[in-house]
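All remarks here apply to the structure that follows.
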Amino acid sequence: MYSFKPDILAQLIEQLDGGGLKVVDLTTPLGPETPVIDLPPMFAPSPGLTLTEISRYNEAGPAWYWNVLHLGEHTGTHFDAPIHWVSGKDLPNNATDTIPPRKFIGPACVLDLTSDVERNPDFLLTVERIQAWERDNGQIPAGAWVLLRTGWSKRTSKEEFLNAGEGGAHSPGFAPECSQWLATQRDILGVGVETVGTDAGQAGGFTSPFPNHNFMHGNGRFGITSLINLDQLPTTGAVVIAAPLKIVGGSGSPLRVIAIAPA
Ligand code: MN
């Protein structure tokens, strides 16, 4: 049995307060302008956020301010649970309220694809590229988040971020066999991306559509999207905490994703 080291949590707080560790906010601001994925018109769209005031220190509530939220579960920086995809619909503990909370915390493996994506917005990560990363950094450990740093979060306008063009959206993602390999050959928590979804912009038109969703969720892995500040994380050595809202039967939710990293 592994025994608890009594001073480890005290050391964590000490390091956070003393500046040895920093908290990196990987979350994009959530507002009415936050872009939402565009699906082909035959599918039902997901609404972005609308925020309606209940009261603001006025007649409706003299001493208090609060709002009503209306939004799709998959809006802004958000979590994809296995139940989100048909391939994961029958897995145990596959929804936001039933995933064991231990699975919201894991070490981050950051793959830097920034220059590839600058050259080609449709860049797809390959198995070979991950294996090259592992030769430099060691094997992706069990329980890790695999995060794709692409620089995409620097695209701050909705148009640049969604990057719709000839034949649909153009944004980076995973080659189908890469998603399959990661989901089955490595025991990861899931993948995180800077783009609006965990599949590439063109992935709806792949031979087997949306392969990253299909393979990740079919194997009980998670997705996190619209991350920012991945350039503030080391390649390895940070810990990511990504805990969705405990929506009963939820397929995902917006969330605050934070990383603890060496300062
Ligand atoms: Mn989603």
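Note that the coordinates shown come from a computational prediction; the quantities given were computed from them, not determined experimentally. Just follow the structure's listing: the first ligand is 1, and inside any ligand the first atom is 1.
- Ser226 contributes atom OG, which lies 6.5 Å from atom NE2 of His78 (distance to the nearest 0.5 angstrom).
- Looking at residues two or more places apart in sequence or on another chain, you find a salt bridge (Lys or Arg N to Asp or Glu O under 4.0 Å) between Asp112 and Arg149.
- Of the N and O atoms on the side chains of Ser253 and His74, not one donor lies less than 3.5 Å from an acceptor on the other residue.
- Ion pairing between a basic and an acidic side chain is recognised when a charged N comes within 4.0 Å of a carboxylate O; Asp80 and Arg221 show no such pairing.
- Remark: Arg155 fails to qualify as a cation-pi partner of Phe161 under the 6.0 Å distance and 45° angle criteria applied to the six-membered ring.
- Only protein N, O or S atoms were scored, and 3 of them lie under 2.8 Å from the Mn ion (ligand 1).
- Hydrophobic clustering places Phe104 together with Leu189 (ILVMFWY residues linked when any side-chain heavy atoms are closer than 4.5 Å, directly or through intermediates).
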